[in-house]
2 protein chains.
Amino acid sequence: MHETSLAGLTLRDIATRVGMQQPSLYAHFASKHAIYDAMFEQAWRAFLDYCREAVHDLPAAPRERLTAIAERYFDFAVADLARHQLMDVSVIPGFHPSPQAYAAAVEVYGVMQEELRGVGITSDQDADVYTALVSGLVSQQLANDPGGQRWRRLIPRVIGMFADDLNLPTGHTPRKAP
Amino acid sequence: MHETSLAGLTLRDIATRVGMQQPSLYAHFASKHAIYDAMFEQAWRAFLDYCREAVHDLPAAPRERLTAIAERYFDFAVADLARHQLMDVSVIPGFHPSPQAYAAAVEVYGVMQEELRGVGITSDQDADVYTALVSGLVSQQLANDPGGQRWRRLIPRVIGMFADDLNLPTGHTPRKAP
DNA sequence: GTCTATAGGAAGATAGAC
DNA sequence: GTCTATCTTCCTATAGAC
């Protein structure tokens with residue numbers, strides 16, 4: 001899927017990729033939407049694993065920790081445009097994830113909330129701001145500089161702004177004195 | 001287009017909408033991609049007009065001005081998911097805008113830059129941050145609360161963070177004292 | 001479970017009358 | 001410029017042998 005675009009994905013593409021003929025897919029999935037649904041859930045579970053596997057190596061200082069999380073989030077999203085579209089943008093004409101698949105996304109949200117609580121961010125609003133900041137950098141990166149680093153480099157700066165706004169403690173002096 | 005999704009749009013849909021039969025479209029456009037191209041350009045030109053028509057009524061104070069611009073930007077993007085996908089997300093399998101159509105998007109970028117210079121923001125990096133902030137709110141709004149206001153309400157807060165980071169002057173006292 | 005064969009439909013594009 | 005009719009291609013999905 002990674003190579004063609006998400007909307008242009010066909011069952012023959014998938015079947016070829018896994019070394020099958022196209023009708024054989026129906027022995028495993030009831031419909032094309034069911035395949036999208038499985039991919040949706042798999043993508044979110046992969047993200048969950050990706051988050052969890054990093055959790056031990058993250059810096060302890062809140063500001064640096066938030067930055068590291070943002071960078072991981074960013075890298076995962078930017079690594080695969082089609083996957084990102086499947087997870088976060090509704091581009092498939094009639095597709096809505098099943099409750100089971102959606103549960104994986106909700107679980108990620110819970111992990112993220114917990115992680116944010118760990119650095120002292122408890123309000124939903126603050127969590128919303130944090131996710132919006134990172135997803136903005138992601139969408140600009142994908143839209144305007146795919147494959148580049150132009151927006152990725154802004155992550156420390158943007159998270160720094162956010163941390164300043166919340167008066168989070170830091171090991172460094174702030175970027176700009178008041 | 002507004003009602004169906006962008007990727008599911010067919011020539012028959014378009015023709016029906018404008019009261020024609022599908023083949024008649026070929027008297028006006030060479031291909032389906034040519035129609036996408038025209039829509040792409042039209043959307044960006046519409047945004048350009050939408051920006052310019054507001055420019056006289058914007059607040060003069062930098063912080064409030066940035067917020068007002070962000071809210072306009074946000075409202076335009078959120079008003080039509082399919083249009084937003086056409087303008088900012090690559091969802092059409094083989095579609096890349098022609099240089100002529102793309103010029104409209106570049107023109108918008110110029111207007112935006114000029115407007116930012118007007119409030120004292122001259123570096124490309126700062127402009128990148130500003131657009132990332134707004135586009136992040138847009139994508140979260142569309143993905144997680146379509147039709148709602150949950151992320152729109154965060155605009156003053158987020159722009160305030162940005163303005164604080166740049167030490168932009170304001171009419172108000174800052175949200176949080178250091 | 002996998003295959004070949006094919007149904008059944010919808011898409012983009014073309015031909016040619018008016 | 002618009003129409004009807006149709007071409008060609010490609011899709012999802014099903015049937016049925018092995």
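Chain A is the first sequence line, chain B the second, and so forth, proteins listed ahead of strands; every chain is numbered from 1.
Under a cutoff of 6.0 Å and an axis angle of 45°, A/Arg83 and A/Phe76 form a cation-pi pair.
The CG atom of A/Leu11 sits 9 Å away from the C1' atom of D/dA13 (whole-angstrom rounding). The CZ atom of B/Phe29 sits 14 Å away from the P atom of C/dG12 (whole-angstrom rounding). Straight-line distance from the CD1 atom of A/Ile92 to the P atom of D/dC11: 15 Å, rounded to whole Å. A straight line from CG of B/Asp13 to P of C/dA11 spans 7 Å, rounded to a whole angstrom. One can place CD1 of B/Ile14 at 8 Å from P of C/dG12, the figure rounded to the nearest angstrom. Taking atom OH on B/Tyr26 and atom P on C/dA15, their separation rounds to 12 Å, with Å as the unit. In this structure, NZ of A/Lys32 is placed 12 Å from C1' of D/dA13, rounded to the nearest angstrom.
The phosphate of D/dT2 (OP1 or OP2) has a side-chain N or O of B/His28 nearer than 4.0 angstrom. A close approach under 4.0 Å does occur between a side-chain nitrogen or oxygen of A/Arg12 and OP1 or OP2 of D/dC11. At D/dT4, one or more side-chain N or O atoms of B/Gln21 fall inside 4.0 Å of OP1 or OP2 (strictly under the cut-off).
At a threshold of 4.0 angstrom between heavy atoms, the contacts of A/Ser24 include nucleobase atoms, whether or not backbone atoms are also involved.
Every residue two or more places apart in sequence or in another chain that forms a side chain to side chain donor-acceptor pair (under 3.5 Å) with A/Asn144 is listed here: A/Gln140.
Using a cut-off of 4.0 Å between Lys/Arg side-chain N and Asp/Glu carboxylate O, A/Arg157 and B/Asp126 are scored as salt-bridged.
The side chain of B/Thr10 lies closest to C/dA11, out of C/dA11, C/dT14, D/dC11. Here D/dT12 is the nucleotide among C/dG12, C/dT2, D/dT12 with the atom lying nearest to any side-chain atom of A/Gln22.
Residues B/Phe95 and B/Asp37 have side chains in contact (heavy-atom distance under 4.5 Å, counting atoms from C-beta outward).
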